[in-house]
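Written out below as structure tokens is the structure these notes cover.
Side chains are part of it too, since the values below use all heavy atoms of this structure and drop only hydrogens, waters and symmetry mates. Just so you know, ligand 1 is whichever comes first in the structure, and atom 1 is the first atom listed for that ligand.
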Amino acid sequence: MAELTFWTGTMDAGKSTLALQTNHNHAARGRVGRLYTSHDRAGVATVSSRLGLTAEAHEVTPDFDFWRTTVDALTQGARIDYFVCDEAQFYTRDQIDQLAKIVDELQIDVFCFGILTDFRTKLFEGSARLVELADRTEVLQVEALCWCGKRATHNARTEDGAMVTEGEVIVVGDVDVPPVDEPTVVSYEVLCRQHHRRGLTAARARAVSLAPDPLPFG
Ligand SMILES: Nc1ncnc2c1ncn2[C@@H]1O[C@H](COP(=O)(O)OP(=O)(O)O)[C@@H](O)[C@H]1O
Ligand SMILES: Cc1cn([C@H]2C[C@H](O)[C@@H](COP(=O)(O)O)O2)c(=O)[nH]c1=O
């Protein structure tokens, strides 16, 4: 029986690496797959892992129809055994519905990878629908860590090291710390819930710890 699987974790947890490994392992056994992604940091129609691997993929835009494209391909004689779908948080609710239908009606395995929540801690549309529909939702075993050493569970968006909670939902970016002298750059940092709640990023925690102690006399 084909399955719809959702692999999730914070940014930098290893999802794209696992997506590429999954594709490699299935292809190595002669299975025929298609790789999909949306808004990858490395550019359009690319799946990229921070470990250096990249692969060509099909770009999923909001109007892309998985069902129609797949039925058309099969009708024209193509063989498809599985899909690997990276950055699935950016897919629409309808697109996830189409993927579930493809699993059930066409017996094609669908492996999805994506983050669960955005910088405001709200579920992404695609991820919410995947949690609702997937046969299995798995959390990646490799732990991304907060600066305090606890498991990171949330994705913070930062500007000049300070956490922000307002803005567009989709802003492509990385978890690298931007150079201090650069103009305002949107970046991301993974945090534990406590530090996300308090807006306490690594830069802010460092600034607080370096602040001089108040004098003992008033
Ligand atoms: N220099 C490195 N050496 C070893 N592992 C690394 C290195 N750089 C990144 N990684 C691993 O790659 C992971 C990020 O992989 P990636 O697939 O890009 O994550 P995601 O798609 O979840 O954002 C990190 O959590 C870390 O385990
Ligand atoms: C939290 C959050 C993230 N994004 C973007 C930033 C990255 O380009 C991707 C996540 O990629 P990764 O492979 O999991 O590191 O999503 C966003 O647009 N909005 C957000 O709230």
Should we count CZ of Arg41 as having more than 12 external heavy atoms under 6.0 Å? yes
Is there a polar contact between ligand 1 and Lys15, counting only N or O atoms under 3.5 Å apart? yes
Give the numbers and elements of all ligand 2 atoms closer than 4.0 Å to a heavy atom of [X].
X: Lys15; result: 14 (O)
X: Phe90; result: 5 (C), 16 (O), 18 (O)
X: Gly173; result: 6 (C), 7 (C), 8 (O)
X: Gln89; result: 10 (C), 16 (O)
X: Arg157; result: 19 (N), 20 (C), 21 (O)
X: Arg41; result: 8 (O), 11 (O), 12 (P), 13 (O), 15 (O)
X: Phe119; result: 1 (C), 20 (C), 21 (O)
X: Asn155; result: 1 (C)

Between [X] and [Y], ring centroids under 6.0 Å:
X: Phe83; Y: Phe111; value: no
X: Phe66; Y: Tyr91; value: yes
X: His58; Y: Phe64; value: no

Between [Y] and [X], is the closest basic N to carboxylate O distance under 4.0 Å?
X: Arg68; Y: Asp72; result: yes
X: Arg157; Y: Asp118; result: no
X: Glu143; Y: Arg151; result: yes

[X] versus ligand 2: do any nitrogen or oxygen atoms come within less than 3.5 Å of each other?
X: Thr10; answer: no
X: Arg50; answer: yes
X: Glu87; answer: yes
X: Thr117; answer: no

Taking all non-hydrogen atoms of both residues into account, name the closest pair between [X] and [Y] and its distance.
X: Ala134; Y: Phe6; value: CB-CB, 4.1 Å
X: Gln89; Y: Gly114; value: OE1-CA, 3.2 Å
X: Ile80; Y: Ala73; value: CD1-CB, 4.2 Å
X: Asn155; Y: Thr117; value: ND2-O, 3.1 Å

Please tell me whether Thr46 and Asp40 have a donor and an acceptor in their side chains that are separated by less than 3.5 angstrom.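 Judged by distance alone, the side chains do not pair up.
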Under 3.5 Å, is there a donor-acceptor pair linking the side chains of Ser49 and Thr17? yes
Mind checking whether [X] contacts ligand 2 via backbone (N, CA, C, O), side chain (CB onward), both or neither, at a 4.0 Å heavy-atom cut-off?
X: Arg120; value: neither
X: Val172; value: both
X: Phe124; value: side chain

Any protein heavy atom < 4.0 Å from atom 26 (C) of ligand 1: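 There is no protein heavy atom less than 4.0 Å from atom 26 (C) of ligand 1.
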Heavy atoms of the protein only: does one fall short of 4.0 Å from atom 1 (N) of ligand 1?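 Flag for atom 1 (N) of ligand 1 set to false, no protein heavy atom closer than 4.0 Å.
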Close-contact set for ligand 1 against Thr17 heavy atoms, below 4.0 Å: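 Under 4.0 Å from Thr17, ligand 1 has these atoms: 15 (O), 16 (P), 17 (O).
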For atom 14 (C) of ligand 1, closest protein heavy-atom neighbour: Asp12 OD1, 3.2 Å
For atom 4 (N) of ligand 2, the closest protein heavy atom turns out to be Tyr188 OH, 3.4 Å
Could you walk me through whether Asp12 and Arg50 satisfy the salt bridge (charged side-chain N to carboxylate O under 4.0 Å, His left out) test, starting with their C-alpha distance in whole Å, then the side-chain angles of each, then the deciding distance to 0.1 Å, before giving a yes or no? CA-CA 8 Å; Asp12 205 23; Arg50 291 182 182 83; 3.6 Å; yes
What do we get for Leu51 next to ligand 1 when only non-hydrogen atoms under 4.0 Å count, side chain, backbone, both or neither?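 The part of Leu51 near ligand 1 is the side chain, not the backbone.
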Report the member of Ile170, Val169, Val171 with the shortest heavy-atom distance to atom 19 (N) of ligand 2. Val169
If hydrogens are left out, which of Gln21, Glu87, Arg50 has an atom nearest to atom 18 (O) of ligand 1, that is, the closest non-hydrogen atom? Arg50
Go through Asp94 and Arg129 one step at a time and tell me if the salt bridge (charged side-chain N to carboxylate O under 4.0 Å, His left out) criterion holds. CA-CA 9 Å; Asp94 282 352; Arg129 195 61 182 147; over 6 Å; no
Does ligand 1 have an atom under 4.0 Å from some heavy atom of Ala13?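 Right, Ala13 reaches ligand 1.
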Using non-hydrogen atoms of the residue, decide whether Gly14 is closer than 4.0 angstrom to ligand 1.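 For ligand 1, residue contact (heavy atoms, under 4.0 Å) with Gly14 is present.
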